[in-house]
Amino acid sequence: MELDIKLNKRIAKVKLIKRDQDNVTVQVDNKEYTLDIRMVEEHVYSVLHNGKSNNVEIIPGENLKKYYVNTLYKNYDLEIIDAESRYMQNRNIKDIAGELNIISTPMPGKIVRIPVKVGQKVTADDTLIVVSAMKMESEYKAGRDAVIKKILVKEGETVKGHQHLLLLE
Amino acid sequence: MELDIKLNKRIAKVKLIKRDQDNVTVQVDNKEYTLDIRMVEEHVYSVLHNGKSNNVEIIPGENLKKYYVNTLYKNYDLEIIDAESRYMQNRNIKDIAGELNIISTPMPGKIVRIPVKVGQKVTADDTLIVVSAMKMESEYKAGRDAVIKKILVKEGETVKGHQHLLLLE
Amino acid sequence: MIKKILIANRGEIAIRIMRSCREMGISTVAVYSEADRTSMHVRYADEAYYIGPSPSSESYLKMDTILEVAKKSGADAIHPGYGFLSENAEFAKQCGKHGVIFIGPSPNAIATMGDKITARQTMINAGVPVVPGTKKKIATLAEAKIIMEEIGLPIMVKASAGGGGKGMRLVHTAEELSNSLKAAQSEARTAFGDDSVYIEKYIESPHHIEFQVLGDKYGNIIHLCERECSIQRRHQKVIEETPSPILTPQLRDEMGKSAVAAAKSVNYEGVGTIEFLVDANLNYFFLEMNTRLQVEHPITERVVGVDLVKEQIRVANGDPISYKQEDIRQLGHAMECRIYAEDPDNNFMPSPGLVRHITEPTGLGVRTDGYVYKGYEIPIYYDPMISKLIVWGRTRSGAIDRMKRALSEYKISGVRTSIRFLQNIMTNKAFNDGIYDTHFIENEMKQLMEDHAPCDSNCEDIAIITAFLDYLEKISTMESPIESSEMQSGWKQYGRRSNLMRL
Amino acid sequence: MIKKILIANRGEIAIRIMRSCREMGISTVAVYSEADRTSMHVRYADEAYYIGPSPSSESYLKMDTILEVAKKSGADAIHPGYGFLSENAEFAKQCGKHGVIFIGPSPNAIATMGDKITARQTMINAGVPVVPGTKKKIATLAEAKIIMEEIGLPIMVKASAGGGGKGMRLVHTAEELSNSLKAAQSEARTAFGDDSVYIEKYIESPHHIEFQVLGDKYGNIIHLCERECSIQRRHQKVIEETPSPILTPQLRDEMGKSAVAAAKSVNYEGVGTIEFLVDANLNYFFLEMNTRLQVEHPITERVVGVDLVKEQIRVANGDPISYKQEDIRQLGHAMECRIYAEDPDNNFMPSPGLVRHITEPTGLGVRTDGYVYKGYEIPIYYDPMISKLIVWGRTRSGAIDRMKRALSEYKISGVRTSIRFLQNIMTNKAFNDGIYDTHFIENEMKQLMEDHAPCDSNCEDIAIITAFLDYLEKISTMESPIESSEMQSGWKQYGRRSNLMRL
């Protein structure tokens, strides 16, 4: 079994070499690791490697292939890139790139204001939407010059984390 | 929906009268309760009844129909008696009664000694098996005069909770 | 004797109060908004009643509804916690009218201290040092100019009804005065419906040091020493400690006496806090009084060994306070970190949402006051504070060591938190030296945002491997929900067991 | 300076020790048996090494293997915790030979105190009161008779190498002497490979009161006051508190001096405990010395404000102790409850197994030292103690109130625990009056086993209804794993969310 895994900007080649119960040998890029790994709690693994004890928390992300990974000192965003993702990517590369056209919330909240309209031209750094949560308002700004294609939410509406708010053209 | 539920020695008739989202009306024997009930954690419910706030923990037991129930002040053993259990009970009453012939562990441990043999006659209070756990030995004794029918474990073996150890005739 | 208390609050403070009630054998009544049905304070209380929709203006601020619940449940007293109705003189008055004890000072004390101009005047009369400035409301630009010339620049224009940084303007040059005055007045009108403003000298590099006071119905008032609260971000306290690294025994004594005089001037009953600004030369000035329990009260509880909530309840019950001034001694050093649901890497954006996992630190010298649990969804409507982590050490450096250890044990996932940011403060040199003022976070921001975590290439790789194996496991489970003999690993067994537990 | 410590233990005490190491910036090395791969001490440590099969004789008692791990990992020192190798003079000696610091007293101190006859003799020489009895080993029945007549019945025959109740016989009548002597000798031979026995006067209705001592390499020895440990079941301590309800300041001072004299007689280094029996007339007698950290050390830490593990490490590092006798003061009252995995309703049978759910108490004045977590399987091989719950209050009754509150917050399911039993002790009148001796549990057993929980018929019905609804939910999920629009309840949503979290 071999997969690509993206951690921040790095893409690592990961390969399962051997597995004997909880003892696993895995190659990451050119380095081979033999570890003793167990899931000890839901989403939490205890990993022993060369005597070092690591606790690794694997939190599922927005979809099956995304993870947030927490270690004692670091947090990572991580994504599995398997054959399917690669196929999708080759077949319909525009959709993947197109994600940049979607403005979505990093956090749940309530829509306070939408100072733009469909069809309106906006320039980079224009405020597109204002979301309030926990007594604090956050503004979402345009990352580039664009035209508003679609508005998916209304003022006063409550939104979830990662919910799509606006489409740009 | 109507079921019998056994709590310790009591058997209560329980009937669902109405359910509107989290507001539920249920009749227990002749008393009607309207409650606001939510699962707040795995196996833990918050139940509001006439303003009183109850936390009820529902721990699955040995099988689908058995529960341990913990409230702030009390612990209960509880069993669901539905059509299936009643049918089983009517059809093959001996098997149910026969459970008395099985000696099983209430706790995990290690078998230290089995001072009886198959075919041996024992009298009430004779020690049938000695199990050790956490540096303490516990003796399981015969509840009545009987003959040992089968021994299902060996000395030195590690056993789980509720594992069958011996059959009596 | 008070037998049942309604806690008109939510979150950690509601539970904090209920804990002391339970220890005193007093029944507790929770109130909750729509968003809070599954909140821990509802689960912890003996009784719980719904009071309205999620926005606090429609629930936790509804005096009538809360008083109705008090009546219905037979509560003798209401504890307002902090925030919400805790400094609302009208609510305190209404409680009195309805025959319910308000656990707090008199409506008059709340009102006097709530209006900053009146409070300043009261302090001046009581002989408590105040920041140089106006004694009364500034009506015209001409008046403002006179004051400005009298006390010298820079100055602050402040709303009398204000608090928490609203309706405040800093004036550095004479030219700014006119605009700043108008802006402050307009903001005050909008925010508080009262455009009264006043002018104070701006204290540069101040320390924010507050004194805990405790009074009863018989005129006994003592102080329980200070809390150093200068580690702030945008007027929000982040870390508090006691004793203050800059206070001398003489100054503590002097400020303590001023704090007691301040409280006496309004016949203060219950627990309250006198906030002072202390300048670089250790001059101190009355800033304001908080007529309620303070978020950071636990550090005082730890070093002086007094349960402040129990004292509040006893005083409200008509008992004299249990301590004399000479009984109060600070032992060791306590420190509090506020754990917020916010993302320091993303401009401290609030981060409500589902708590997927939480492990709280414990052991020697560690206290947590929190309210979230695994599976709880932190609502978007209220304060982002998840919990308070309080540690004690025999010395300040011992307390810092312990705080580092406790922060390293604190695991919350699902929402972003300020834990990493707090860890960086604990390793900051100026903080460790105890040399800091209210500009600390601002000044040190660059260093505080850096990544100080020790991590070689292995630790990245181990994260990658763990995710890799988790993913393999996940897809193999999806392909064959029936167990295959191939998968005999421990975590597979765990997975199976979890499923068994579920069904 | 010690930089890395191997902790030759498991469970709560391993984590307790690692916490202090982490606060001191010292790396930690865990060792684990087969059953303990997923145990918390392995997860908490910086490094962890496998040392053998589950039975402790094949892992935690394997001196060679542990010393090998110390060498391999580069640990400077070994902390033995309590139990296992902590009072093994040979292990202390082996550490010395291998150039690893043994965090504890000298092998000679361990050996002297480990042999009860030698310990008695050493105490007599040091002027510490001992229970009247033999100065040396009893060889013959004739010798025993002489002693019996000298000190009067009842007497105890005890194994010199003994401890924890093994090799002990109580003799009420002269006729029993011969048989009891033989039985004790035979049991001692089997259990310890040494049939030396001695005779002591049997103290009726004694208090078990112990003194914490702390010494360094420079001959400084102080005591940190007492712990009252009379609440025992079959020689197992269940609850400890400090101060003792029966000690006077004079007696504390006198016993403290005896404790220091006892420790000085063996040039004691590190932390240790002198156990005394105190009779109804407040006469006290040396019982034995525990030459290690004690399970109940946290109550001392709380009232005197000293981190005992840090002191152990400092002393082992060659530092002088940080305190003088006059620095040590007791402030307030601390109490510890041991939470065991056992079933009080079933003759206190041990209850290992899977922890399905755990919520630990926190807040003001509460400390827990535990090691289990949700999903952890408590192994059958070791001690049934799950955790220690330690509370502090300004007064004894305040501490009891807080303990009641904390016990009510403590939720552990999956295994049976002693929590209910402890709650019953907290409401027991004799306990509340502070009038109890080591026979307390035995004498009060009937009352302690009763069901005191307030529960009207509603609470049974609510349990029934909740199970009913859970069951309906369960079968509806089984029938249609795809969500049906009918099921829109909150817990259904929770269930769905949990599943999403899982996949």
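Note that this is a predicted model, so its numbers are computed, not measured. Here is how names work: the chains are called A, B, and so on, in the same order as the sequence lines, proteins then strands, and each is numbered from 1.
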Query raised in the report: Would you say the side-chain atoms of D:D470 and B:Y45 include a donor-acceptor pair closer than 3.5 Å?
Result: yes
Query raised in the report: Does the side chain of D:N9 reach to within under 4.5 Å of the side chain of D:Y60, using non-hydrogen atoms?
Result: no
Query raised in the report: Can B:E42 and D:K374 be counted as an ion pair, charged N to O under 4.0 angstrom?
Result: yes
Query raised in the report: Can you pull the side-chain hydrogen bond (donor to acceptor under 3.5 Å, both in side chains) pairs that have at least one residue in residues 151-161 of chain B, sequence neighbours excluded?
Result: none
Query raised in the report: So, the side chain of D:D369 versus the backbone of D:K388: is there a donor-acceptor pair under 3.5 Å, distance only?
Result: no
Report task. Take the angle between the ring planes of D:Y471 and B:Y67 and call it parallel below 30°, perpendicular above 60°, tilted in between. Result -> perpendicular
Query - Residues in residues 128-137 of chain B that sit under 4.5 Å from chain D, counting heavy atoms only - result: B:A133, B:M134, B:K135, B:M136
Report summary line: Max heavy-atom pairs within cutoff under 4.5 Å with chain D, candidates B:L16, B:N70, B:V47, goes to B:L16
Query - D:P379 side chain reached by D:D36 side chain, heavy atoms, under 4.5 Å - result: yes
Report summary line: The reported gap from OG1 in B:T71 to CG in B:N75 (rounded to nearest 0.5 angstrom) is 7.0 Å
Query raised in the report: So which bits of residues 107-125 of chain B come within less than 4.5 Å of chain D, counting non-hydrogen atoms only?
Result: B:M107, B:P108, B:G109, B:K110
Query - Qualifying side-chain hydrogen bond (donor to acceptor under 3.5 Å, both in side chains) pairs, either residue in residues 342-353 of chain D, two or more places apart - result: none
**Report entry** Electrostatic pair D:K62:D:E58 at N-O distance under 4.0 angstrom
**Finding:** no
Requested in this report: Name the member of B:I59, B:N55, B:V69 that forms the most heavy-atom pairs with chain D at distances under 4.5 Å.
Outcome: B:I59
**Report entry** When B:K52, B:K6, B:R10, B:K65 are compared by non-hydrogen pairs under 4.5 Å with chain D, the top option
**Finding:** B:R10
